[in-house]
Each structure stands twice: as C-alpha cells, then as structure tokens.
Amino acid sequence: MKKVLFMAMVCVLASCSSQKPNYSNVDEYPVRKDKLEEMVYSPEKTAFALWSPAAEAVYVNIYADQETTEATERLPMQWQKDGTWRLTVEKDLKDMYYTFSVTQPGSAFPLHETPGIFCKAVSINGLRAAIIDLDETDPEGWEADKRPDFRAPQDAVIYEMHHRDMTIHPSAGVAHPGKFLAMTEEGTTSPQGLPTGIDHLKELGVTHVQILPSYDFGSIDEAGATGEAKVLESGAAAGGSYNWGYDPVNYNVPEGSYSTDPRDPKSRIIEMKKMIQALHKAGIRVIMDVVYNHTYDLGNSQFEQTCPGYFYRLDEEGNWGNASGCGNETASQRPMMRKFILESVRYWVEEYHVDGFRFDLMGIHDYETMNAVRKELDKIDKSLLLYGEGWAAGAPNYPAELMAMKANISKMPGIGAFCDDMRDGLRGPWSDDREGAMIAGWPDYEESVKFGIVGAIYHPQVAMDKVNYDDEPWATEPTQCISYVSCHDDMMLSDRLKVTVRDEDGKPGEKAELIRLDKLAQTAVLTSQGIPFLWCGEEVMRDKKGVHNSFCSPDSINAIDWNLKAENIDLFNYYKGMIALRKQHPAFRMGDADAVREHLHFLEATDANGSQLGNVVAWELTDFAGGDEWETIIVVLNASKQMAEVALPEGMFTAVVYDGQVNLSGTLTMSEKAHVLPQSALILHN
C-alpha cells in the first residue's frame with residue numbers, strides 16, 4: 001500500500017526511451033537547452049531537474065526542515081537525452097528542503113548530497129536548498145523599483161564597498177551593523193553628526209556602488225553571525241569569522257551572514273533586495289562582484305558533486321588547473337559552464353535588479369564567454385556595466401589568445417578592465433608595497449599616468465615604450481578603462497603613502513603631505529577619460545594598519561572608523577568636489593577615443609628656471625570638449641616638490657582646483673603661465 005501511494009505521488013515527466021550512452025570524455029556530454037532551473041515550485045507540484053549526463057543514478061532527498069539528519073523521502077529521478085535527470089512531485093512542498101544524491105562512475109572525490117549548482121534559496125551555511133515561493137521575497141514596492149537614470153558608461157563614478165567594513169564600527173551609528181539592512185537606514189550619523197551609510201554615499205555623489213561578493217560563500221560560519229556584531233581584535237561577529245567572500249559556494253543565493261536571520265531562507269533574499277531598493281531610491285546603481293573563475297574548494301563544490309570533471313580545467317598532465325591561485329579554475333569555454341554564467345548574471349539582474357557586474361580574475365574566462373555575457377545583458381538593458389580584472393593569478397589552462405585578458409580587451413566591445421598601468425604609475429607596483437611611483441616623487445612614471453588619463457587608448461603623445469606594463473594600447477574606447485589607484489585586495493592609498501613617502505632622513509612624511517598626495521592621486525583618477533573607481537574609506541583616509549590584502553583580517557583592521565578629524569573631513573570634501581566637477585563637465589568624460597585624441601593634448605611643465613620638470617603631468621582639453629561649456633580646460637598634476645609652471649593659451653583662466661581645494665565657481669585667476677604648487681593639482685578654465 002505504501003509503495004502504491006509513493007508511486008502515485010511521483011510523476012516522472014519523461015521516460016528514458018533509449019539506453020543512456022557511455023561517453024568517452026566530457027566534451028561528448030549533451031547540452032541542456034532549457035533554462036538551468038533545478039527546482040520550480042507551485043502549490044500543486046514541484047519540478048526537479050539536474051544536469052548530470054554521466055551519472056548512474058540521481059535521487060532527490062526531501063527534508064522537513066534544515067536540522068533533521070534523515071530525509072523524509074528519497075525519490076529516484078529519470079535520465080533524459082539532454083543529460084538532465086527530472087522528477088515532478090505532485091504535492092505542496094513549500095518550506096521544505098531538498099538535496100540531490102548523485103551516483104557517479106569514476107569520481108575522483110567522495111560524493112555527498114548537494115543542493116545543485118543553481119539553487120536560489122538555502123538553509124544556514126548553504127548545505128540544503130530551500131523550497132520557497134520567490135514572490136514572497138519581494139519587499140513592498142519592489143515592482144516599482146527602477147534603475148536610476150544613467151546615460152552612458154563614461155558618466156559612472158564607481159565606489160567599491162564591503163557591507164561589513166562600511167557599517168560595522170560603532171561610530172557608523174546604524175541599527176544593523178555589518179548587514180544588508182545597514183545600507184537601507186537613512187539619517188545615520190557619526191559621533192560628529194556627519195552622514196554615514198547610504199547618506200554618506202549620497203553626499204559623496206557616486207553613481208554606482210560595487211558590492212564585494214554577496215552570494216553564499218564558504219569561509220564564514222553563518223551560525224556564528226546571528227548575534228550582535230562587535231568590533232573585535234580577532235574574528236568578526238561573536239562566534240563567527242571574517243572574510244570578503246571570494247570563496248563561492250552557492251552562486252545564486254545571498255550570503256547569510258549579511259542577513260539578520262541566516263536560518264530563514266527568505267530573510268537573506270528579502271534583505272538584499274531591500275538594500276538594492278534603498279540604493280536605487282538614493283539614485284545609486286548596484287554592481288555585483290562575481291567570482292565565477294573558481295570555487296571555495298574543488299571536491300566538495302556543487303559543480304564537482306553534480307558532474308565530476310566537467311566544470312573545471314585540467315593541465316596537460318591531468319592535474320587540476322590553478323590560474324586562480326585557489327586550487328581550481330573553472331572551464332568557461334565548456335557549453336554548460338558558459339550557460340551557467342549567462343543564466344546566473346541574468347538571474348541577478350532580473351530577480352535582484354542588479355545593475356552590472358565586476359568579474360573577479362576575468363582573465364581566467366575566455367573572451368567568447370565574456371562577449372556572450374555582454375550580449376545577454378544588452379538584451380535586458382544596454383546601460384548595465386560589465387568589467388573585470390584583465391589578468392589571472394597564474395597561467396590559465398587554455399590558449400592565451402582566447403582569454404579575457406587586458407591584451408584582448410579590443411576583442412570585447414562594451415567590456416572594461418582595470419588599468420593597473422595607471423594604478424602603479426601613480427603609487428607603485430602591486431607586487432612590492434615598499435616601492436613608490438609618481439605621487440611619491442619616484443621618477444619616470446609620467447607616461448604610465450598619461451596612458452591612464454587618456455583611458456588606455458592609442459594617443460600620439462603617449463610613448464608606449466615607457467608605459468610600465470603594456471607595449472601597445474589595450475582599450476579601443478576609453479570607457480573600457482577602469483581608472484583607479486587602490487582597491488580591496490591591496491594596501492589602502494594612505495598606508496601606501498606612509499611606506500613610500502619619506503623625507504631626506506628616511507622618516508615618514510607628515511600627515512599634511514600625505515593628504516596632499518592623496519588628493520593628487522585621486523585628481524588623476526577623477527579627471528581620467530576612463531571610468532573612475534574608488535575604494536570605500538579612501539575619501540576619509542581610511543587605513544588598514546599596513547595590511548595589504550585584508551580579506552580575512554578582523555574588524556579592527558577592516559572596519560571604517562567614522563570618528564573623523566578635521567583633515568579627514570577636508571579630504572572627503574575634496575573627493576566630493578572632484579566628483580561634482582566631473583559630473584558637471586563632460587570634457588572629463590568624452591567617452592569616445594577619436595574625441596579624446598582630438599581634444600586632449602599633453603603640455604610641458606617646467607621649473608622656475610625653464611627646465612623641464614619631472615613628476616608632472618599636464619594637459620589641456622580644447623574647443624568645448626565633449627560639448628562642455630568651458631572652451632579650454634587645463635589640468636596639471638604636480639607630484640614634485642617644486643613649483644611647476646605651464647604656459648597658458650591667450651586669455652584669463654579661472655582656477656577651480658587649487659592648493660587642495662575645489663571651488664566650482666572659482667576665485668583665483670591666472671594668465672600667460674599657470675603656477676602649480678608642489679605636490680598638488682591645478683585645474684583652470686577660460
């Protein structure tokens with residue numbers, strides 16, 4: 001009787017009409033044509049589907065809750081010709097949990113239950129997938145949520161942000177420190193009454209926030225992240241751990257430690273949506289940092305547990321590839337991995353209203369996949385941004401000429417890459433924190449900075465043989481260049497300056513000098529024809545106590561202290577003023593390579609004796625560049641410790657940036673020659 005009832009409950013969608021073939025290698029596997037849905041719920045039935053062509057058997061395990069060790073039911077699935085195992089359960093399974101058990105021939109790792117590769121809701125720590133109605137996760141007003149107006153990529157000012165770093169310190173004054181909801185709170189202030197959280201971003205004027213990985217990742221025990229978050233000398237929240245999240249587990253589910261209740265599968269989804277909704281209402285778009293290039297581990301990953309040997313690359317000797325430096329690299333060139341990436345980004349855009357993506361170690365992916373991602377996003381909204389790191393941590397196990405490396409950006413229209421040429425030309429190489437560059441007064445970095453100023457395109461006045469990493473331009477358009485001086489996995493700019501700026505006796509520079517040079521570096525970034533990119537806290541001279549890559553450092557290293565001194569507030573006002581200047585004047589963001597070459601011309605700078613002066617980059621923007629209201633704009637970056645002079649065209653020029661201050665109306669005027677104070681920027685217009 002029980003067997004009869006059991007069979008009545010299970011409705012197999014299709015029978016296996018022909019014998020399952022034996023495949024000689026993974027490249028023979030069939031490709032699933034329909035969407036990569038693995039669970040589709042309705043009150044009447046729930047349909048399960050798992051792509052695993054070579055599996056000998058697949059079962060769905062149904063659990064009443066996330067704590068019970070024994071499954072309520074273990075139901076066999078049916079193989080189909082597209083390599084997908086399917087089963088429909090004709091009853092209401094809402095709020096229950098499921099996993100798949102896959103019997104594989106010749107797996108190199110022990111097989112465990114898996115929630116599948118495309119689960120959308122999970123139990124705590126992502127061990128089981130949850131059966132929920134996604135419509136119930138939409139916050140009030142979600143249907144009316146709109147992307148803030150945005151004309152073109154060159155108009156973007158990107159602010160890289162980590163939820164926890166931004167709001168975990170008590171001085172942030174938020175009710176939900178370190179959580180998604182912290183960025184929904186308005187009216188939060190520091191002890192001095194200065195805006196924090198979302199109000200800080202609004203006042204700063206950025207157009208986009210790039211949030212560090214927010215999908216479900218593996219290195220934080222979500223069970224320890226439920227209590228009140230405190231700033232500790234070790235660890236993160238009481239009982240938990242700290243990590244930025246570059247260790248993916250479930251790519252299409254928000255991280256539970258950022259929610260107020262990681263045990264509730266809906267909570268993390270609702271709260272992340274609320275954060276995005278609040279940022280949209282504040283006029284700020286949201287870019288998601290995605291890490292499709294590797295997984296938290298290899299053998300226990302959902303990919304390997306589902307279809308062994310398919311989703312990862314191997315080297316010529318049969319060893320697992322490691323271009324990520326994390327023990328594995330995914331095989332984006334394979335049809336089902338590519339399909340997974342395409343459907344994943346589309347899911348985040350459609351379900352969570354995400355406005356773009358930053359691809360971690362994009363150079364591990366093949367550029368055909370990245371172009372497919374661009375086309376997929378264009379189908380939805382061509383204003384969605386797409387960019388990434390144009391390199392890998394090691395040599396990928398795939399031909400270099402096919403990879404999404406910086407050198408191949410010209411083959412990827414509408415996709416940007418980070419300009420490490422400009423970054424390291426300004427402050428020194430990523431590989432050695434002790435080395436400085438132009439802003440620290442080190443010689444021969446001017447061409448690398450100039451290359452960043454034009455947006456990494458060809459410009460006749462940039463000598464490519466003197467650019468630090470590239471022999472030829474790699475961007476076709478300036479909007480493919482992400483201009484920056486520091487980011488998350490790096491020293492803070494303030495820490496780098498403390499190490500590289502020394503007086504004649506070898507002592508660190510005074511704080512006033514470091515602030516001057518900080519302003520100078522960001523003036524280069526914010527006047528570049530590329531897309532400017534800022535790392536959270538730079539605008540208040542945040543430091544990380546000299547830690548380079550603080551991905552797992554405690555809050556005492558990573559938290560932004562909003563107890564600001566006068567000099568920190570002065571720096572914030574400079575960043576704010578420079579962002580406003582860029583937004584008001586299209587000459588700084590022409591967005592077209594030909595226009596940049598036509599209107600941007602580099603100028604010579606001299607000392608008081610008329611001799612050419614090093615550590616200075618100067619240029620003019622002419623003939624109402626980009627349709628600007630100003631006919632001619634002069635920009636001078638003087639990193640030397642001498643007064644610099646630059647010849648001016650005929651007429652009177654007004655300074656809007658002078659001596660570390662931004663005044664958009666301008667009060668100081670100059671003619672014939674511009675006199676630029678040491679270690680500072682000057683911007684003039686006629």
(request) Show your reasoning for whether ring pair (Phe, Tyr, Trp, His ring centres under 6.0 Å) applies to F48 and Y98. (result) CA-CA 10 Å; F48 296 96; Y98 70 92; 5.2 Å; yes

(message) Test salt bridge (Lys or Arg N to Asp or Glu O under 4.0 Å) on E343 and K35; report intermediate values, then the result.
(response) CA-CA 8 Å; E343 292 197 22; K35 289 179 67 176; over 6 Å; no

(message) Before you tell me yes or no, could you show the steps for T260 and H176 under side-chain contact (heavy atoms from CB on, under 4.5 Å), namely the whole-Å CA-CA distance, both residues' side-chain angles and the distance that decides it to 0.1 Å?
(response) CA-CA 8 Å; T260 57; H176 302 92; 3.9 Å; yes

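To the nearest 0.5 Å, atom OG of residue S344 and atom OH of residue Y251 are 8.5 Å apart. Here the CG-CZ distance, from L50 to R32, works out to 8.0 Å after rounding to the nearest 0.5 Å. Within the model, atoms CZ of R128 and OG1 of T68 stand 6.5 Å from one another, a figure rounded to the nearest 0.5 Å. Annotation: the span from R346 atom CZ to I341 atom CD1 amounts to 16.0 Å, rounded to 0.5 Å. Interatomic distance, OG1 of T99 versus CD of E113, reported as 3.5 Å (0.5 Å rounding). The line from NZ of K146 to CD of E143 is 13.0 Å long, rounded to the nearest 0.5 Å.
For the ring-ring contact (aromatic ring centres under 6.0 Å, His included) test, residues two or more places apart in sequence or in another chain that qualify with Y310 are Y29, W51. Scored by the ring-ring contact (aromatic ring centres under 6.0 Å, His included) test, F150 finds H208 as partners (sequence neighbours excluded).
The two residues Q277 and D145 have their closest heavy-atom pair at CA-OD1, 3.7 Å.
Looking at K545 and S553, their side chains never come closer than 4.5 Å, going by heavy atoms from C-beta outward. Two residues are said to be in side-chain contact when any heavy atoms from C-beta on lie closer than 4.5 Å; F533 and C487 meet this criterion. In this structure, L342 and V373 have side chains that are in contact, with non-hydrogen atoms separated by less than 4.5 Å.
In this pair, H488 and Y246 present their aromatic rings parallel. The plane angle is below 30°, not in the 30 to 60° band.
Taking 4.0 Å as the cut-off between side-chain N and carboxylate O, R268 and D216 count as a salt-bridged pair.
Side-chain contact annotation: S324 with E329, donor-acceptor N/O pair under 3.5 Å absent.
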